[in-house]
Amino acid sequence: MEDGTPCPLDTSTPDEIIAAIQEAGVVGLGGAAFPTHVKLKVPEGKFVDTLIINGAECEPFLTTDHRVMLEQSDDIFVGIRYLLKVSGAEKVIIAVEANKADAAEHLRATFPGDLNGSVELLRVKYPQGAEKMLFAALLGREVPSGGLPLDIHALCCNVATTAEIGRLLPLGRGIQERVITVTGPAVKRKGNYRIPIGTPLRFLLEHVGVEEDVNRVFLGGPMMGGAASSLDISITKGTSGVTAFTDSAAERTHSPVYPCIRCGYCVDACPIFLDPSLLGRLAANQEFSVMAERHNLMDCFECGSCSFVCPSHIPLVQQFRAAKAAVRKAAAGKTGAT
Amino acid sequence: MNQESLWSIFINASLVNNFVLAYFLGICPFLGVSSKLETATRMGGAVTFVMLVSSVCAFGIQALLVAIDAPYLKLISFIAVIASTVQLVEMFIKKFSPALFRALGIFLPLITTNCAILGLALFQTNKGYGFVQSIVYALGAGAGFTLALVLMAGLREKLDLAEVPDVTKGTAMALMLAGLLSVTFMGFGGLGG
Amino acid sequence: MSRALPASPAPTSTWHMYRAMVGVGVCCGLLIVGVFQATRPVIERNKAEALQSAIFQVLPDATASTTFRLRDSGDFAPVDGSAAGGDGEPLVYAGYDDDQKLVGLAVEAQGMGYQDVIRLIYGYSFADEAIIGTQVLESKETPGLGDKIETDPGFLENFERLDVSLAQDQSSLAHPIVPVRHGNKTQPWEVDGITGATISSEAIANILNQSAQQWIPRIQRNLQDFQGGE
Amino acid sequence: MAVSTKTTTDEFIKGLWKDNPVFVQVLGMCPALAVSNTARNALAMGLATAFVLVMSNMVVSSLRSFIPKEVRIATYILVIATFVTLVDYVIQAISLDLYKALGAFISLIVVNCLILGRAEAFASKNTIARSTMDGLGMGVGFAFALFSIGAVREIFGAGSLFGVSLFHDAFQDWVVMVLPSGGFFTLAGWLLLFNWIKQRKAQRERAATLSLTEEAAR
Amino acid sequence: MPAPGKTLEIRTSPHILSGYSVDSIMFNVVLALLPVTAFAIFAFGLAGLLTLSMALVSCVLTEHLICRATGKPTTIGDWSVTITGLLYGLTLPPSLPLWMVAVGGVICVAMGKALFGGLGYNTFNPALVGRAVLQAAFPVAMTTWIAGFTAGRFTSLPSSTLTLPFTEPTVDAVTSATPLALWKFSRETTAVADLATGFTSGSAGETSSILIILGGLYLIARNMMNWRIPVSIIAAVFVLSGALHLVDPTRYASPVFMIFSGGLMLGAMFMASDMVGSPMTSIGCYLYGALIGVVTVVIRTWGGLPEGVMYAILLGNAVTPHLDRWFRPRVYGTATKEAAS
């Protein structure tokens with residue numbers, strides 16, 4: 001493997017670092033796979049005061065962040081230094097969920113003395129790992145509806161991404177592999193594996209061993225992961241986990257759909273305080289524009305909590321995805337027409 | 001002269017003998033504008049206001065009619081005065097408060113033939129209410145009308161999104177809701193005593 | 001439409017409008033006054049008859065009646081029949097038997113019931129110093145429940161002789177009329193309630209009490225006004 | 001215009017069923033529903049309304065070229081109020097009991113939107129004969145509808161019709177029917193029935209056209 | 001390892017669900033109601049058993065028949081109509097003629113539920129709709145109570161129970177006033193211990209507060225009921241009637257009496273908290289409960305009726321859409337509270 005041009009921390013300018021990150025092909029490894037160099041470009045007139053390193057798993061079942069924090073803490077701190085330099089933030093907060101106290105302790109113990117920052121424990125609650133939730137929990141700031149984290153002077157980066165930056169940039173290498181949690185009832189040897197990017201799903205599953213009656217495989221966790229249509233697709237940079245279910249374990253999701261009984265579970269569950277019940281009824285009536293204009297549909301980040309808790313098994317988040325698509329299409333049509 | 005206390009008049013007019021739910025007065029606007037909360041609130045406000053004004057007018061006319069001993073002109077003068085008062089109020093609001101006019105404007109002409117207004121004027125004279133009693137009566141009736149309208153609007157907006165059977169859709173369901181609200185308001189019976 | 005309104009876009013002349021309004025107004029006025037005049041005697045006869053029958057209902061021994069008005073001076077003066085029923089005027093009706101002897105007075109009273117105002121008339125007997133009959137003139141009590149105040153025989157029995165004798169000082173009732181729960185009546189001034197229609201029956205007792213407290217002392221003071229009959 | 005092809009009889013018939021003011025248009029219920037608790041009251045109210053409707057239609061129609069459009073509503077109201085006052089006194093003269101039962105609701109016929117509605121929408125544009133027939137049809141339709149409501153309410157609520165006891169003495173009255181809520185329920189019930197009939201009819205027609213097209217296809 | 005040709009099932013996320021489902025929630029409510037039901041049958045004997053069975057059967061049958069008539073699959077399997085039937089039966093006087101029970105059952109389901117589109121859209125609690133209409137239709141029969149725990153209750157029936165359909169029931173000589181009526185009309189109090197255990201007269205299921213509370217606690221423990229609603233109802237009743245009682249103990253009943261008497265406990269635990277008719281947000285629930293509590297005290301204290309819980313809850317149901325609208329939580333990222341839209 002041939003190394004590229006290293007990008008030394010001390011001598012490089014922020015622009016050079018960003019270019020190096022782009023060169024290395026680093027994207028958000030939490031699952032969204034958003035190009036990191038785009039995220040890091042702070043436009044004129046904006047500034048960042050706090051950098052948050054997201055060590056809260058994005059989904060239940062997944063434990064990649066945990067392993068990375070325990071095993072790659074040195075890479076993480078190097079990565080943090082790069083990120084601080086790029087963003088101009090004054091301090092860094094590493095957010096860890098309370099059930100991973102060992103990782104937090106390890107990070108605290110190895111925390112470099114010259115870094116301004118801390119390691120914070122967070123309540124264990126899905127979707128704690130979502131950016132918006134972290135800002136609210138750690139800084140008490142909320143990203144304005146329709147806005148970006150930059151609007152509240154914060155920047156969030158996944159631990160795995162940070163670790164990759166810290167590992168790759170000094171060497172001038174590109175991203176070639178990533179840590180993936182392979183789990184689910186159908187998997188025989190569950191665990192975190194470092195997998196070369198591009199590995200076909202079938203190789204991976206053969207390696208860890210799965211039950212005969214495996215029925216459903218998702219790339220990602222069970223809440224937001226997309227279903228794999230075939231075992232011949234490859235692992236990508238955005239694949240944070242692979243979850244495999246058997247027929248028997250998927251039973252619950254086949255329950256009949258009842259009308260909404262207004263139990264309010266979804267209202268309690270929605271992390272951004274939407275009213276999924278009302279949105280669901282509106283969606284059933286095709287009132288997409290009402291949903292968007294009056295009930296903040298577009299703020300929904302599709303965590304799936306509402307669908308998860310719904311005792312009537314109404315596919316709420318699924319409806320919202322469709323509604324959002326319809327709204328976007330309508331908006332595009334409108335601008336296209338004018 | 002009627003001796004009823006003001007509090008009792010108010011409770012009776014608004015809850016116990018609610019104009020809409022017990023006397024069926026103002027059903028047309030009740031069914032017509034109660035499908036959206038916003039219009040319902042505005043309509044309620046407009047009706048209350050007109051009720052207040054026409055209650056005062058009716059009190060004056062009744063005194064006049066008694067003085068000239070012409071009871072047979074009661075109905076004609078009431079309706080004429082209410083209609084012209086509404087017109088005047090409309091012009092007045094239009095001139096001095098365009099914002100209010102935008103909010104209430106389209107409802108005012110509708111109110112002219114709203115039986116709740118005429119009903120109020122007739123009832124207050126039949127009951128022999130004094131001036132202050134009449135005003136309280138008008139306020140109570142207006143509050144009751146608004147309450148019924150607003151409750152109804154809430155229920156109808158909610159049921160808008162329901163999978164209502166085809167037979168029930170529309171007026172039939174609104175009437176059924178009104179009936180259930182009327183049953184609910186029966187619980188207030190005896191409160192004004 | 002073949003024959004529409006005058007289609008001229010120009011506004012109608014004021015004269016035209018006046019002519020129409022005044023023309024219609026005059027016609028309407030004439031019509032109303034005509035019918036009012038035509039029906040007035042019948043209506044008044046109906047009203048008088050209804051009143052008469054109510055008075056005889058609550059004063060069973062009476063065969064004739066005279067209306068009296070409470071004057072500002074505190075005594076009573078007879079009013080001639082045609083002016084009866086004026087608004088707000090406090091009136092009582094004296095009943096006389098065949099021998100022109102005063103048998104009692106009928107008094108109207110009203111008060112709040114369960115749903116709305118109850119108006120009733122009751123007969124007061126001088127001989128018994130008691131209420132000897134009531135009739136509900138107007139009520140909106142719940143049908144089948146509250147309206148038992150008009151029909152329940154056990155309840156109406158209360159008013160065959162309800163004691164309203166005056167106290168020593170002649171200024172108030174010796175015993176106020178009090179409602180009691182059904183089956184608990186022990187005194188002649190107690191009103192036995194109706195099971196299931198407690199509020200309405202209590203309301204009747206309270207209306208009677210209030211009215212009797214107000215009127216009986218006054219009537220007794222001016223007893224001589226009613227004597228002599230017609 | 002379509003109207004001109006209609007005979008005067010058509011104007012009468014339409015009010016009875018197809019455009020029934022209560023069951024189809026749900027008009028003019030405000031002052032009427034309150035006194036529909038017995039068949040007698042309902043019928044009296046219905047007839048009183050019908051009378052006012054016919055008379056005002058007649059007068060408005062005969063004056064239609066005489067009244068300038070600026071003051072037409074005011075004039076209509078004046079005419080209607082006059083006839084209502086007449087009815088009021090006549091009922092008072094006929095029966096005091098009935099008058100007491102109907103109370104202020106007779107006066108409220110003035111604001112019955114049906115009457116003003118017919119005056120404005122029909123009588124002001126049509127001949128006297130046509131307008132009278134329209135008023136008659138609408139009036140009879142209205143009275144009939146009100147009577148149907150009153151009859152149902154009285155039969156259930158008091159076990160009688162026109163005060164004549166229909167059942168055994170031990171019949172349990174359904175008090176709710178003579179209460180205000182019963183008025184709402186009864187009207188809602190009639191509307192449900194009408195909706196249901198309409199739906200059935202529409203379904204059958206659709207089925208008929210379907211089979212026709214199928215036959216044609218064959 | 002699956003065969004290469006095996007097709008995978010594709011669904012959109014989320015791929016897992018919580019264990020709750022409508023039928024399991026409803027079934028647990030039925031479970032929570034069983035002790036109360038059993039006690040009602042124990043207290044009122046054969047009359048209680050017949051009333052409850054008739055209520056249940058008429059409700060379930062009506063729902064089934066309506067589903068059949070509209071050509072939909074039957075919905076009695078979701079247990080919701082069972083709750084309606086049970087609750088409705090529990091709120092009835094045990095001596096009510098069975099034909100009236102059946103009529104009310106039809107009203108519950110047809111007018112309270114089916115007309116509005118069935119489960120989830122029944123804005124008013126169906127059981128209370130049935131009861132309220134029945135109360136308005138047959139006021140005398142609905143306020144005639146028999147005493148519980150009579151000696152021959154398992155062998156004989158009150159004469160009114162088997163009244164012929166559509167005829168007036170003959171009222172037994174042995175009727176008994178409810179604690180609230182006793183207080184309202186003659187200012188007699190009933191011992192709190194009797195109220196709590198249920199040794200009083202009243203509707204079939206409202207007498208034993210302790211069993212009702214146990215049922216409620218079970219549901220709260222399983223997170224199948226919003227605890228805020230019963231708690232705020234009871235708190236509102238307690239505070240308001242307590243304040244009144246302090247002012248004039250002879251005119252206003254004690255707060256403990258108010259809480260344990262009448263249908264308050266049953267209403268607060270099982271009817272007001274019915275998910276369909278109650279608000280969804282926490283603030284909404286508190287206010288909803290407070291409204292019901294206050295209206296109950298107002299009707300009981302100043303109104304014409306001895307009991308007002310039913311009307312208070314129906315009113316609460318009617319206000320719910322507004323509470324949901326006004327007290328919608330602030331959406332994340334919307335800085336100022338949005339004007340009610």
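Sequence lines set the chain letters: A, B, ... in the order given, protein chains first and strands last, and positions in each chain run from 1. Just so you know, these numbers come straight off a predicted model, no measurement behind them.
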- request: Please lay out, stage by stage, how D/N41 and D/L102 fare under the test side-chain contact (heavy atoms from CB on, under 4.5 Å).
  value: CA-CA 7 Å; D/N41 292 354; D/L102 300 184; 3.9 Å; yes
Parallel, tilted or perpendicular: ring planes of D/F162 versus D/F147, cut at 30 and 60 degrees
parallel
If one checks every heavy atom of E/L115 against chain D at 4.5 Å, the contacting part turns out to be side chain
Bottom line for D/F156: the part with an atom under 4.5 Å from chain E's heavy atoms is neither
- Does a side chain donor of either D/D134 or D/N57 reach within less than 3.5 Å of an acceptor in the other side chain? yes
Per-residue tally against chain D (heavy atom, under 4.5 Å) across E/A136, E/P165, E/A137 peaks at E/A137
* Asked: In terms of the angle between their ring planes, are E/W99 and E/F166 parallel, tilted or perpendicular, with boundaries placed at 30° and 60°?
  -> tilted
